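We're numbering straight along the sequence, starting at 1. Bear in mind the structure is a predicted one, so any value in this text is a computation, not a measurement. Read the numbers this way: they start at 1 and go in the same order the structure lists the ligands and their atoms.
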Amino acid sequence: MAEINIPFLDLQPIYRASQPGIDAALARVAGSGWFLLGKELSAFEAAYAQQCGAAHGVGLANGLDALHLALLALGVGPGDEVIVPSNTYIATWLAVSQCGATPVPVEPDAATFNLDPARIEAAITPRTKVLLPVHLYGQAADMDAIHAIAAKHGLKVLDDCAQAHAARYKGRAVGSLADVSAWSFYPGKNLGAMGDGGGATTDDAALAERLRVLRNYGSRVKYHNEVKGFNSRLDEIQAAVLAAKLPALEAQTDERRAIAARYLAGLQGLPLQLPHVPDWTEPAWHLFVVRHADRDGLQQRLAAQGIGTLIHYPVPPHLQPAYAELGYAEGDFPIAEAMHREVLSLPLWPGMSEAQIERVIAAVRACA
Ligand SMILES: *Cc1c(COP(=O)(O)O)cnc(C)c1O
């Protein structure tokens, strides 16, 4: 096997782009003697809410907790159902299960890989409480269509924004498009911490307050517990690092868009399905995902040329042993299943060199 000399992802240029601010942030927190629920968190929450065009930001421990606590704050509990995509990272489903509720999968639009609004109504029952679209790979789901269905059936909308930092939908920032939006700041996400991190954005002050209570043992006043809460706080070091990285996010997203444009132009005319971008969405290009009938062969041929790729994701949630309880079988969600057999994510990160971009294009042209 050849040496991988173009990795799937290189986080070092992203660190270097904000290094003075990050290093100062780490030293500042270390010297402050204050590590949880302090002014670094408040400052990042305000800055990130503003970035999203939302009234409130709440820092949480990770993206899974953000989804879980947001569902609890919307009142989801045992016996309820939540509509989720059949093709997503399993965290989207797990958050629903953690509430004692049932994830109800709906197939994606095969072109955009996002929840297909035309299929949602057939999955709604009297138990449905929330629609939970995912802006998969960094491209916004069709939120206006999803809201129209939610309004008709009296449902809430929570969006999983873990892959969509700085993405836009009809000119509006992702993070201001739902009743509440859940974020991950996992290191490999487009805005990544130096460890785990997550959060929520919302215009609803009461909901933001419920999240703040839930993340801190159910208490507003120390040792007074109003509800059975959790320990799910974004710590001061991670908040300070994220705040130091935030000013570079828009430029880094523009760089991702420029690389994606190069790929879209350079990979025309191959037996390969390229990402489809409707004109109302400006993706954040967390991932650049192509589809190929012989995906595994393509991945191996690219590896032989030194190009690292990943599969997002190899097994859909309904076929995971973790969800055996729901009783689904192969064939139940054919669009998701075909995607999982055929998708491949190409290298893409802000700071990728011109030579690296060209080598990826040449290698895919030779291998596809
Ligand atoms: C990363 C991710 C999550 C989970 O975030 P963590 O911070 O790793 O818990 C949830 N949903 C999607 C779509 C993700 O990509």
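- Between H135 and Y169, the ring centre distance reaches or exceeds 6.0 Å.
- Aromatic pair Y323/Y328: centroids not less than 6.0 angstrom apart.
- With respect to atom 9 (O) of ligand 1, the closest heavy atom belonging to the protein is L64 N, 2.9 Å.
- In D160, the part holding a heavy atom less than 4.0 Å from any atom of ligand 1 is the side chain.
- Aromatic ring centres of F230 and Y217: separated by at least 6.0 Å.
- For ligand 1, the atoms sitting less than 4.0 Å from at least one non-hydrogen atom of G63 are 5 (O), 6 (P), 7 (O), 9 (O), numbered in the order shown with element in parentheses.
- Ligand 1 places these atoms under 4.0 Å from at least one heavy atom of A162: 2 (C), 3 (C), 10 (C), 11 (N), 12 (C), 14 (C), 15 (O).
- Remark: ligand 1 and D196 share no N or O pair separated by less than 3.5 Å (distance only, no angle test).
- The nearest non-hydrogen atom to atom 4 (C) of ligand 1, considering only A91, G198, G192, G199, comes from A91.
- We find the CG-CH2 distance between L11 and W349 to be 10.0 Å, quoted to the nearest 0.5 Å.
- For atom 3 (C) of ligand 1, the nearest non-hydrogen atom from the set K189, Q163, H68 comes from K189.
- For the residue pair W93 / T88, no side-chain donor-acceptor distance below 3.5 Å is found, with atom types taken as modelled.
- In this structure, the ring of F113 has its center no less than 6.0 angstrom from the ring center of H276.
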